Amino acid sequence: MLKRHPIDEKNQLLTRRNFLAVSFVSPAALKLAALGGLVALSPTPACADDDDVTPRNIEGPFYKPRSPRRASLLEKGVKGTKLLLTGRVLATNRSPIARAMLDFWQADSDGVYDNDGYRLRGHQFADDSGRYSLETVVPGPYFPRTPHIHVKVQAPNQPILTTQLFLPGEARNRFDGLFKPALLMAVRDTESGKEATFDFVFATR
Ligand SMILES: [Fe+2]
């Protein structure tokens, strides 16, 4: 079922309640899914029509609604290798999709999620060219997962895509049943840490 984009088109105000209402799944069920077996969800019909679209991945047990709106997750107390992730939100014909919402959450460098506050959690909107930019740190692994960044992306008037991004060269990628090569970021080392790119591709109608 298609859900409307959470931006009120009249006043451009975000209505996160709508966004979150359509994305809620029982935490207990998610924990079971995450711990019990690295369960892959079936793609929506819209995503199954085209092999080039960004694949889904499970939400996992640690999603929290109402993350702060921010493009940098760097703040006091966040340690680890800095990671600058940039990319675009595109249609399958490679045209940009403006103003998609991207909601990121991840473990810290020790593989720990902040489930009390909002450390390493934040949402933002892509610009009119579909570009987004996230400042964060490289996530650490936690059993049984390889390092990954969770994200929900919702292009205007499209279903929410819930997925995860992975880093190349991680030994644990081979053993994580949720790992998908199509969700690998392109990563390079820089003087200050790492830079990564990833484009989200939607089969828009
Ligand atoms: Fe996770």
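When a ligand or atom number is given, it counts from 1 through the structure's own listing order. None of these values were measured; they are calculated from a predicted model.
When distances to the Fe ion (ligand 1) are checked against a cut-off of 2.8 Å, Q164 contributes no N, O or S atom below that limit. In summary, Q106 places no N/O/S atom under 2.8 Å from the Fe ion (ligand 1), failing the contact criterion.
Evaluation of the salt bridge (charged side-chain N to carboxylate O under 4.0 Å, His left out) rule for R88 yields D199 as partners, not counting sequence neighbours.
The aromatic rings of Y142 and Y113 sit perpendicular to each other, their planes meeting at more than 60°, with 30° as the lower class boundary.
H148 contributes atom NE2 as its closest N/O/S atom to the Fe ion (ligand 1). The N, O or S atom of H150 lying closest to the Fe ion (ligand 1) is NE2.
Between K79 and D110 there is a salt bridge, with a side-chain nitrogen of the basic residue lying less than 4.0 Å from a carboxylate oxygen of the acidic one.
Considering every non-hydrogen atom in both Q124 and A71, the closest pair reads NE2-CA, 3.9 Å.
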